[in-house]
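Structure, as structure tokens:
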Number of protein chains: 2
Amino acid sequence: MLAWRSMSERLESYLNGAWRTGDGDTATLVNPATEQPLAEIKSVRGLADAVAWGREIGGRNLRALSFAERGERLAKLAKVIHGHRDELIAIAIANGGNTRGDAKFDIDGATAVLASYAALVPTLGASQGQAPWLVDGEAAPLHKGAKIRAQHVLLPRPGLAVHINAFNFPAWGMIGKLAVAFAAGMPVLSKPATSTAHLAARIARIVLDSGVVPEGAFQLLLGSAGDLLDRLGPQDVVAFTGSADTGARIRGHQRVLATNARVNIEADSLNAVVVGPDVASSSELFDLVVRDCVIELTQKAGQKCTATRRILVPSALLPELREALVDRLRAIAEKTGDPADDAVRMGPLSTKQQLADARSGLADLQRHAERVLGDPTRTEFAGVAPGVGYFLEPILLQATESAAQDPSAAFHQREVFGPVATLLPYDGTIASAAKIVALGEGSLVGTLYTDDREFTASAVASLSPWLGRLVLGTEKLAGAALAPGCVFPVCNHGGPGRAGDGAELGGKTGLAFYLQRTTLQGGAAELARLLGTPASDA
Amino acid sequence: MLAWRSMSERLESYLNGAWRTGDGDTATLVNPATEQPLAEIKSVRGLADAVAWGREIGGRNLRALSFAERGERLAKLAKVIHGHRDELIAIAIANGGNTRGDAKFDIDGATAVLASYAALVPTLGASQGQAPWLVDGEAAPLHKGAKIRAQHVLLPRPGLAVHINAFNFPAWGMIGKLAVAFAAGMPVLSKPATSTAHLAARIARIVLDSGVVPEGAFQLLLGSAGDLLDRLGPQDVVAFTGSADTGARIRGHQRVLATNARVNIEADSLNAVVVGPDVASSSELFDLVVRDCVIELTQKAGQKCTATRRILVPSALLPELREALVDRLRAIAEKTGDPADDAVRMGPLSTKQQLADARSGLADLQRHAERVLGDPTRTEFAGVAPGVGYFLEPILLQATESAAQDPSAAFHQREVFGPVATLLPYDGTIASAAKIVALGEGSLVGTLYTDDREFTASAVASLSPWLGRLVLGTEKLAGAALAPGCVFPVCNHGGPGRAGDGAELGGKTGLAFYLQRTTLQGGAAELARLLGTPASDA
């Protein structure tokens with residue numbers, strides 16, 4: 001035991017302006033394919049000073065920069081991180097169980113959010129992004145004929161943004177949230193999930209060493225969250241990505257309730273795709289369905305909050321879709337293993353516990369659905385000794401048409417966070433599809449494949465309120481389509497109900513979480529002069 | 001006892017399409033000036049059916065109307081309620097302890113919100129308000145050069161809007177919330193505060209008898225909330241106005257946390273006004289300060305969530321402002337009594353408990369501030385026998401400059417919900433004023449009186465994040481200014497932290513609470529055709 005311990009890197013938190021090792025519990029980070037230890041983390045106790053330092057020093061320094069200047073810093077950060085891309089990919093493969101493609105998806109996703117907000121924020125602020133506020137909408141008379149106007153403005157909240165991220169996207173999760181908070185003008189204290197924190201810790205060091213981020217504007221907390229939530233104040237915000245249970249604990253935390261600190265949650269969800277009744281098995285659109293479903297099952301070994309879990313397909317088309325998926329997934333099952341090998345197409349789950357949870361979830365799913373591909377007990381995988389690594393091969397299940405409509409069926413209730421999805425046959429009407437999608441009680445994303453415009457219009461009206469994003473796949477654009485699990489910075493990321501009822505990214509709307517909207521109530525000419533907006537009919 | 005019971009009106013809830021008397025606990029509504037009983041309410045047990053009926057029948061019927069049609073219905077409702085104005089004023093005077101002016105403020109406020117949203121919503125929807133969605137912003141390419149676009153749309157949530165209102169605005173609270181939810185397309189179940197529910201119950205009957213509201217779109221629950229929160233689902237929303245404690249109980253309710261039902265809170269707050277260092281005692285602006293402070297102390301006997309509680313004044317000006325306020329408030333103290341008498345200028349508090357709470361809060365305030373006007377133990381008031389009624393005369397307190405900066409001072413922590421405010425001297429710098437305002441930890445509204453443009457610009461930057469609304473009072477517009485406690489439908493209503501971190505009204509932004517924002521991701525031409533938006537460079 002001592003031998004590997006001495007070889008293992010000790011990762012450090014960055015708090016109150018210094019790198020430090022904690023004196024709390026120790027966690028060991030491993031390679032989930034080989035189970036080899038990679039690094040250690042010791043939790044930090046007592047975060048009151050770090051919270052105050054970020055809120056005061058970081059907040060002051062960030063607000064001293066204009067929106068435009070913050071945009072320039074984000075562009076620099078994108079370049080700095082991109083400059084370390086190869087090193088970061090290697091860490092993601094080792095600690096994240098990522099294939100090379102999975103690693104790029106996470107790391108390039110992070111730089112994409114930085115670049116997107118770098119381009120966006122200078123266009124938003126009054127006076128070419130130089131004013132300390134964003135002007136929101138137009139001035140309105142208080143009432144018909146009133147001389148006094150109401151003008152909404154948005155200003156950065158003078159608190160701390162606490163970011164608590166999930167294990168599956170250590171780069172994109174941390175940097176995506178940082179980009180938006182930084183653009184808005186709020187300092188960040190970021191806590192990555194421990195099991196895959198090696199990548200986050202390395203990126204944090206690159207970010208902090210770059211000198212691009214003002215003092216106090218970014219802190220890194222490794223290990224447990226300690227007393228972090230107990231230190232929250234009324235201007236602080238918490239953005240959390242992870243399980244619904246932890247999300248509920250944060251939202252229901254005594255200090256959150258007492259201060260009304262703002263909370264945003266991105267949680268588990270049971271994302272669905274709906275194959276329209278017009279999709280023929282020989283079409284390009286059918287091929288797109290197959291391609292997307294395979295990506296969404298196997299990218300990052302299905303460990304994405306946006307991965308497809310439920311595949312609604314007209315009953316008549318089910319056999320053909322099942323066969324096509326089984327063929328493609330079987331080929332990936334054969335190439336599941338240690339992603340250090342470039343021939344491997346799917347890596348392991350992130351932790352032993354994740355594998356145990358996935359297996360127990362699968363047993364639950366099989367109470368209402370039949371397994372048509374995959375063996376959850378398989379123990380031999382490419383590049384590792386039998387029984388080593390937290391592997392799960394792709395699993396496809398299939399329900400009956402009546403089970404698909406059963407609200408108590410596990411595939412509507414429980415997300416198995418791995419390469420697992422269930423085929424749900426339906427009668428081809430949008431009414432049935434909408435009913436089945438809604439049984440998931442709120443999802444981050446849904447996808448519709450159809451060329452029928454009427455079906456699309458009905459689907460938009462009936463599916464959208466259950467989704468944060470609805471992807472429309474058509475024959476014409478099949479070649480240009482992107483897999484639905486990929487979240488772009490211009491798109492809303494967050495869904496109602498089970499998905500946490502949060503909202504991240506989405507261009508300008510993502511900034512709102514970090515800003516206070518205030519009505520300025522005053523004379524029309526005075527407001528226009530103050531805000532640099534066009535004078536109205538004062 | 002039996003004698004008055006038989007004379008007292010039994011008020012009914014409207015649930016599942018029928019008026020009904022509950023079989024739970026009985027509450028008696030009284031006239032708070034005379035303590036005479038006016039009406040009785042029996043709580044209803046078991047609300048599962050009402051919740052389901054509203055969500056399903058009401059939701060379906062409301063969504064079958066376009067935004068434009070819902071706007072037309074709101075305009076009709078405004079007329080219907082206005083047609084009963086005299087009758088409603090009489091009820092507000094009797095059960096609410098309102099003067100005639102207070103009653104108009106509440107009732108006309110309700111019709112103003114209806115009229116404002118009636119005019120707004122037809123302008124928002126695509127296709128002249130005929131489409132089932134609102135288009136939000138413009139379509140953006142997913143990334144540079146991408147053929148696929150992201151377009152945000154807003155659709156009504158297919159759930160129930162639960163409205164839980166405070167005792168101080170039975171008309172405006174219930175109808176203001178209803179107007180916004182109805183405009184957005186969500187059915188409402190409204191629970192007024194019991195003590196002043198007579199007015200809400202009468203208005204609800206007028207609304208329901210009018211036939212303007214589709215079946216299921218509006219229900220009234222009198223008495224306790226029973227098991228209402230236990231029935232919430234993932235698409236439901238709860239908008240609450242009242243105490244911070246109750247707000248925290250709602251936000252932390254197990255079912256709210258389990259479903260992520262959306263919650264909006266408007267809670268107690270310690271609203272401040274800041275008198276700028278340039279305000280001279282002989283100016284019109286000084287007169288405006290005095291007029292506004294007097295209105296905000298005494299309108300509705302100070303029982304407004306937007307009432308001024310803290311008056312920041314440069315130390316040198318404090319004696320003059322105090323004398324002016326004392327003069328004006330003393331005149332109102334002499335005319336405090338039963339508002340059934342037209343000569344009375346201020347009525348009682350709403351309940352015996354409110355009076356006890358205000359007296360206990362006053363004792364707390366006096367630990368850090370000195371009482372300069374008013375006797376909380378006074379028992380003789382106009383038009384009633386000595387000791388009868390829940391009266392409190394206007395109370396003005398004054399702190400020292402150093403006490404004003406003490407975060408633990410009760411005037412920064414505890415809202416006394418009555419005709420009570422504290423003068424807080426400061427050094428005339430915006431830095432000091434901002435620090436003192438922030439000690440209130442978030443307020444619904446703040447007011448700034450100054451003609452100094454630099455002071456104003458600094459104040460907007462430093463005060464706004466602590467406020468939902470900032471009123472700018474200037475010499476030039478003193479004649480046109482409206483007292484800061486008046487909330488117009490175009491203005492954001494809600495403040496950070498202590499104020500609940502909510503957002504109501506504010507024109508279009510108020511609709512967002514009842515809508516789900518979803519990204520539609522698809523081809524540019526397809527999206528434009530589907531949504532009726534201008535075709536972009538597809």
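Numbered from 1 within each chain, the chains take letters A, B, ... in sequence-line order.
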Can you tell me which of B/Lys147, B/Gln235, B/Arg262, B/His152 forms the most heavy-atom pairs within a distance under 4.5 Å of chain A? B/Gln235
Looking at chain B, which one of A/Cys486, A/Ala438, A/Ala115, A/Ala461 has the largest number of heavy-atom pairs inside 4.5 Å, strictly under? A/Ala461
Answer with side chain, backbone, both or neither: which region of A/Thr509 has an atom nearer than 4.5 Å to a non-hydrogen atom of chain B? side chain
pair A/Leu482-B/Leu142: side-chain heavy atoms closer than 4.5 Å: yes
When rounded to the nearest 0.5 angstrom, what is the spacing between CG in A/Leu472 and CD in B/Gln521? 8.5 Å
I'd like to know if the side chain of A/Thr519 and the backbone of B/Asn492 have a donor-acceptor N/O pair within less than 3.5 Å. yes
If you round to the nearest 0.5 Å, how far is NZ of B/Lys144 from OG of A/Ser116? 11.5 Å
Among A/Arg251, A/Arg498, A/Glu441, find the one that has a side-chain hydrogen bond (donor to acceptor under 3.5 Å, both in side chains) with B/Asn260. A/Arg251
Rounded to the nearest 0.5 Å, what's the gap from CG on A/Leu257 to CD1 on B/Ile265? Could you check? 8.0 Å
Heavy-atom pairs under 4.5 Å with chain A - which of B/Ala112, B/Pro489, B/Ala480, B/Gly522 has more of them than the others? B/Ala480
Measuring only between side-chain heavy atoms, which start at C-beta, is A/Trp466 closer than 4.5 Å to B/Gln516? no
If I take atom OG from residue A/Ser464 and atom CZ from residue B/Arg517, how far apart are they, to the nearest 0.5 angstrom? 13.0 Å
Let me know if B/Val256 has heavy atoms under 4.5 Å from chain A in its side chain, its backbone, both or neither. neither
Applying a strict 4.5 Å limit to non-hydrogen atoms, the region of B/Leu520 in contact with chain A is both
Does any part of the side chain of B/Arg453, heavy atoms only, come nearer than 4.5 Å to the side chain of A/Leu530, both counted from C-beta? no
Under 3.5 Å: donor-acceptor pair, side chain of B/Thr518, backbone of A/Arg469: no
Please state whether the side chain, the backbone, both or neither of B/Ala457 comes within less than 4.5 Å of a heavy atom of chain A. both
What are the two closest non-hydrogen atoms of A/Pro465 and B/Pro158, and how far apart are they? CB-CD, 3.4 Å
By a 4.5 Å heavy-atom criterion (distance strictly below it), what part of A/Leu527 contacts chain B: side chain, backbone, both, or neither? side chain
Report which part of A/Val445 has an atom under 4.5 Å of a heavy atom belonging to chain B: side chain, backbone, both, or neither. neither
With a 4.5 Å cut-off on side-chain heavy atoms, are B/His143 and A/Val490 touching? no
Does some side-chain heavy atom of A/Glu526 sit less than 4.5 Å from a side-chain heavy atom of B/Thr474? yes
Between B/Val460, B/Thr259, B/Asp501, B/Leu155, the one whose heavy-atom pairs under 4.5 Å with chain A are most numerous: B/Asp501
Quick one: of B/Ala150, B/Pro496, B/Pro484, who has the most non-hydrogen atom pairs under 4.5 Å with chain A? B/Pro496
Quick one: what part of A/Arg529 sits under 4.5 Å from any heavy atom of chain B, side chain, backbone, both or neither? side chain
